[in-house]
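Notes to accompany the following structure.
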Amino acid sequence: MSQPVIRIAAAVITDPDGRWLLVRKRDTAAYMQAGGKIEPGEDPRDAVVREIGEELAVVVDPARVRSVGRREAAAANEPGHRLEAHVFAVDGVTDVVATAEIAEAVWVTPEEAGRLPLAPLTVDLLALGGGAAA
């Protein structure tokens, strides 16, 4: 029996110093990219822009959102589910505020991220250097 699939849009957000923005949802341990579930009929790019606004109180210009492909991974917070992730690099995000279901937003180097509990998708993206090779 195949695992249920959750369709998400995930944002790879880095700063000029090469740090990654990771978030942790309330009542969870794993750090991951900002983003979330794609609504029925919603374009994945629109979903990532919406989710960044909801989670980080940042208005993102869709022109600053680049698709870096699709990835599959185990879901971090929904046991027995798999993710189909539309991954986007998002430029120009700097000042963020953790809102909605986000308990914490942190800027970390890839080395610092390796010391945190990470979602499986985040582990994959860090290994790819941001998903550019996705």
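When all heavy atoms of Ala29 and Pro117 are compared, the closest pair comes out as O-CG, 3.2 Å. Nearest heavy-atom pair, Pro4 versus Gly80, reported as atom, atom and distance to 0.1 Å: CD-O, 3.3 Å. The two residues Ala34 and Leu56 have their closest heavy-atom pair at CB-CD1, 3.8 Å.
Side-chain atoms of Gln33 and Leu22, non-hydrogen and from C-beta on, do get closer than 4.5 Å to each other. Contact of the Glu78 side chain with the Ile6 side chain is registered, since non-hydrogen atoms from C-beta on lie closer than 4.5 Å. With contacts defined as side-chain heavy-atom distances shorter than 4.5 Å, the pair His81/Val5 does not qualify. Residues Leu83 and Arg7 have side chains not in contact (no heavy-atom distance under 4.5 Å, counting atoms from C-beta outward).
Residues Trp107 and Val23 share a hydrophobic cluster, clusters being chains of Ile/Leu/Val/Met/Phe/Trp/Tyr side chains in contact below 4.5 Å. Met32 and Leu116 fall into different hydrophobic clusters, where Ile, Leu, Val, Met, Phe, Trp and Tyr are joined by side-chain heavy atoms under 4.5 Å apart, directly or via other members. Residues Leu118 and Val12 share a single hydrophobic cluster, defined by chaining ILVMFWY side chains whose heavy atoms lie under 4.5 Å apart. Leu21 and Val108 fall into different hydrophobic clusters, where Ile, Leu, Val, Met, Phe, Trp and Tyr side chains are chained together by heavy-atom contacts under 4.5 Å.
Between the side chain of Arg45 and the backbone N or O of Val65 there is at least one donor-acceptor pair closer than 3.5 Å.
Identified under the salt bridge (charged side-chain N to carboxylate O under 4.0 Å, His left out) test for residues 104-118, with sequence neighbours left out: Arg24-Glu104.
Every residue meeting the side chain to side chain contact (heavy atoms under 4.5 Å, CB included) condition with Pro110, not counting sequence neighbours, appears here in chain and number order: Trp20, Leu126. Judged as a salt bridge (Lys or Arg N to Asp or Glu O under 4.0 Å), and not counting sequence neighbours, Arg64 has no contacts. In this structure, the side chain to side chain contact (heavy atoms under 4.5 Å, CB included) partners of Ala47, at least two apart in sequence or on a different chain, are Ala9, Ile38, Glu42, Arg50. In terms of the salt bridge (Lys or Arg N to Asp or Glu O under 4.0 Å) criterion, residue partners of Arg19 (sequence neighbours excluded) are, by chain and number, Asp15.
Separation of atoms CD1 (Ile8) and CG (Leu121) is listed at 5.5 Å; rounding is to 0.5 Å.
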Yes or no on side-chain contact (heavy atoms from CB on, under 4.5 Å) for Arg71 and Leu125, after CA distance, side-chain angles and deciding distance? CA-CA 9 Å; Arg71 309 286 304 165; Leu125 293 174; 4.2 Å; yes

Donor-acceptor pairs under 3.5 angstrom involving side-chain atoms of residues 87-102: please list them, not counting sequence neighbours.
{"unit_1": "Asp91", "atom_1": "OD1", "unit_2": "Arg66", "atom_2": "NH1", "d": "3.1"}
{"unit_1": "Asp91", "atom_1": "OD2", "unit_2": "Arg66", "atom_2": "NH1", "d": "2.6"}
{"unit_1": "Thr99", "atom_1": "OG1", "unit_2": "Glu54", "atom_2": "O", "d": "2.4"}
{"unit_1": "Thr99", "atom_1": "OG1", "unit_2": "Glu55", "atom_2": "O", "d": "3.1"}

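Residue Asp61 places its CG atom among more than 12 non-hydrogen atoms of other residues, nucleotides or ligands, all under 6.0 Å distant.
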